[in-house]
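Here is the naming used below: chain letters follow the sequence lines, and residue numbers restart at 1 for every chain. Heavy-atom basis, side chains included; hydrogens, waters and symmetry copies ignored.
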Amino acid sequence: MIGELLTAQVLLGILTSGIRLATPYLYAAIGETFGQRSGVLNLGVEGQMLVGAFAAFYVARRTGSLWLGVAAALFVGALMGLIMAFVSITLHAQQGISGIGFYLFGLGLSDLLFQTLLGTVQTVSGFRPLAIPLLSRIPVLGEVFFNQNLLVYGAYLLVPIAAFVMDKTTFGLKIRAVGENPEAADSLGVNVSLVRYITVTLGGALSGLAGASLSIALLNVFQQNLTSGLGFIAVALVYFGGWRPWGVLAGALLFSMVNALQLWVQVLGLPIPSEFAVMMPYVLTILALVVAVQRVRPPTALTKPFVREG
Amino acid sequence: MRKLAKWFSVLVMASMLMSACGGGGASGEKFRIAVVTPSAKNDLAFSQSIYESLLKVQEAQGGPEKLEFVISEGMFVVDDAGAAIRDYASQGYDLVIAHGSQYGSVLQEIAPDFPKTSFAWGTTVDTFVDKGITNVFAYEARSEQGGYVNGVMAGALTKSNVIGVVGPIETGDAKLYVDGFVAGVKAQNPNAQVNVNWIGSFSDVALASEAAQTHVKAGADVMAGTAQMVVGAIGVAKENNVLWFGTQASQTSLAPEVVVANQIYDWSGVILQMIDLIGKGTLGGQSFAITLENKGLYIEFNPAYNLPAEVKQLAEATINAIVTGAINVAP
């Protein structure tokens, strides 16, 4: 019975599916990583994704241009991030509560716009898989890794870029300083609020892009509550990944691969009840969290608004 | 300034009270229905089926002057739905429909508080009569019937002999439909293999899409599915030129190239019966089912899809056999 799972066809199917499923998580969770490393928890990711998904879908349908759709998603995501930044950084609002508020706002707004502007579930011709010359001809693996759509490639390119920015650039150093010890960073002349504004706005833009990756690349439809909780899983993946882009990648891939695996378990008719199969990604992720990630500590100033003394 | 604000708020409250009374006065001649649905009324699935049925009922009753209905959609949080149901009941609606089997527990709590209001919920057969509640109707869809018909067509049309099904959670009318579909395939084409995938969610479009991708990879050339998250799977069917069978509402508009047929839920007959009973003073206690026989269920063939004549005849013969009882697809 395990033998059926270990055929090349099934393993490649799991890899291809897992890579696709991880795409929206990567955008959203990497964006959230920037925010959290600078000390701001944004629980509104899901709402930003929904608004981004709708904006991308609507603009792509109206203009026929997928790139304008992407731009629209980035823009509205960034705008929502900016408002979130204003509320949590300038107004010092409690971040968990205001984040939930932004989620509900995004859920309602995207649905309202969907009902009034589209009225019914429609489709759009989204990003097509794009074979990368030469690489896609690598036997077996070429099909898995190098025959995906552009937004999928983008998500995986984002990981090393984000890791580089965070660990090797002055800006990354400022982000980390602001998230660990804002008072010290401030006394050294770092503008704490500005850094946080930038990370939270960037996080919003990436969440918007995560939504676009669903609505105009992977699914090519928009429906009420399209993201269905993906944004909250993305926030959890930031913790799972130990606030590091590579860790986020590992978590997103683990969760998505196991999800792809359970789809195959059911398709092959293995004698496991479907209820258990759909639990697998969650159970394994929790186990991995307990066993492997315990020692990582969150940014010291996470969720703490910065108020300059004196 | 403060005094002004006070006066203003008194005025607003007074006007609200007056308009509320005005609404109450009109209810004498007009039948008023309120519906709470778990997903959007345009979900191309379960919630859309009740919305379109109500439009039909409204027309049959003589338009908005005779029958008024309101809908609270997207109530996937059961507590929110409960608040809405209670709200509608206290606003004096004649019939409050809780369109989702997840609403049973809240309805059981609310219905006894409004003995003069009639409630309905589905899909279920439980009217809570055994718990002493007499103002709740129940309704269900015998979705296995159309599932069987769709399955027979799928079995006849598949060339790869692999068929994929994407379902939400293994329960209720989704389970009935899928069981009926599998039975139909097996009856028509014993060599065909039906792979069923329950994704554990009514709303996860991304996972439904990936489940469909998995079916395609496993060789499926015909797919079916039920509940509102299947829009993700239909997109995959379209892209890979895999045939699709829909249920609950017409899904043809999403992929006219590949949708073969849909089983449509038409609740209007059931709702009309309820209105009739309420008029005679019966507020609940009865359970209804839509079937192929009472035309609450029917198969809508996609005119844009070129279905071979013999397969269509086969489908019609199967519908007849189910209606006459020659084929029994009850679980």
Note to self: Looking at every heavy atom in both Ala206(B) and Leu219(A), which two are closest together, and how far apart are they?
What the structure shows: CA-CD2, 3.6 Å

Check: Would Val278(A) and Ile169(B) count as a side-chain contact (heavy atoms from CB on, under 4.5 Å) if you check the C-alpha gap in whole Å, the side-chain angles of each, and the deciding distance to 0.1 Å?
Finding: CA-CA 10 Å; Val278(A) 296; Ile169(B) 295 171; over 6 Å; no

Margin query: Testing the basics here: between Asn195(B) and Val267(A), what is the closest heavy-atom pair and its distance to 0.1 Å?
Written below: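 That would be OD1-O, 3.0 Å.
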
Notebook entry, point to check: Between atom CG of Leu263(A) and atom CD1 of Ile199(B), what is the distance when rounded to the nearest 0.5 Å?
Noted result: 8.0 Å

Next item on the list: Quick one: closest heavy-atom pair of Val121(A) and Val231(B), and the distance?
Entry: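 So the minimum-distance heavy-atom pair works out to CG1-CG1, 3.9 Å.
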
Margin query: Counting heavy-atom pairs under 4.5 Å with chain B, which one of Asn225(A), Leu12(A), Val10(A) comes out on top?
Written below: Asn225(A)

Notebook entry, point to check: Side chain, backbone, both or neither: which part of Leu107(A) has an atom under 4.5 Å from a heavy atom of chain B?
Noted result: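 Just the side chain, heavy atoms under 4.5 Å.
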
Next item on the list: Before giving the answer on side chain to side chain donor-acceptor pair (under 3.5 Å), spell out for Glu210(B) and Ser17(A) the whole-Å C-alpha distance, their side-chain angles and the decisive distance to 0.1 Å.
Entry: CA-CA 6 Å; Glu210(B) 214 49 60; Ser17(A) 286; 2.8 Å; yes

Check: Looking at Val236(B), Ile234(B), Leu254(B), which makes the most heavy-atom pairs under 4.5 Å with chain A?
Finding: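 Of the candidates given, the most pairs with chain A belong to Leu254(B).
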
Notebook entry, point to check: Atom CG of Leu207(B) and atom CD of Gln262(A): how far apart are they, to the nearest 0.5 Å?
Noted result: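 CD of Gln262(A) is found 6.0 Å from CG of Leu207(B).
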
Notebook entry, point to check: If you count heavy-atom pairs under 4.5 Å between each of Val205(B), Val194(B), Val165(B) and chain A, which one has the most?
Noted result: Val205(B)

Check: For the candidates Met229(B), Gln251(B), Glu239(B), which exhibits the highest count of non-hydrogen atom pairs separated by less than 4.5 Å from chain A?
Finding: Glu239(B)

Notebook entry, point to check: Given that the side chain runs from C-beta out, which part of Leu230(A) has a heavy atom under 4.5 Å from chain B: side chain, backbone, both or neither?
Noted result: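 Contact with chain B is through the side chain of Leu230(A) alone.
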
Next item on the list: Mark yes when over 12 heavy atoms from residues, nucleotides or ligands other than Phe232(A) sit less than 6.0 Å from its CZ; otherwise mark no.
Entry: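 Atom CZ in Phe232(A) is crowded, with more than 12 foreign heavy atoms closer than 6.0 Å.
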
Check: Considering only heavy atoms, which portion of Leu214(A) lies under 4.5 Å from any heavy atom of chain B: side chain, backbone, both, or neither?
Finding: side chain

Next item on the list: For residues Ala40(B) and Gln224(A), report the shortest heavy-atom separation together with the two atoms involved.
Entry: N-OE1, 3.2 Å

Note to self: What I'd like to find out is whether the side chain of Thr16(A) reaches to under 4.5 Å of the side chain of Lys217(B), using heavy atoms alone.
What the structure shows: yes

Next item on the list: Answer yes or no: are there more than 12 heavy-atom neighbours, outside Asp80(B) itself, under 6.0 Å from its atom CG?
Entry: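 Above 12, so yes.
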
Next item on the list: Under the side-chain contact (heavy atoms from CB on, under 4.5 Å) rule, what do Gln213(B) and Leu218(A) come out as? Steps first, then yes or no, please.
Entry: CA-CA 11 Å; Gln213(B) 296 272 18; Leu218(A) 295 169; over 6 Å; no

Checklist line | Smallest separation among heavy atoms of Ala218(B) and Gln9(A), with atom names | finding: CA-NE2, 3.8 Å

Checklist line | Backbone N/O of Gln228(B) and side chain of Gln223(A): donor-acceptor pair under 3.5 Å | finding: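 Looks like yes, one N/O pair under 3.5 Å.
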
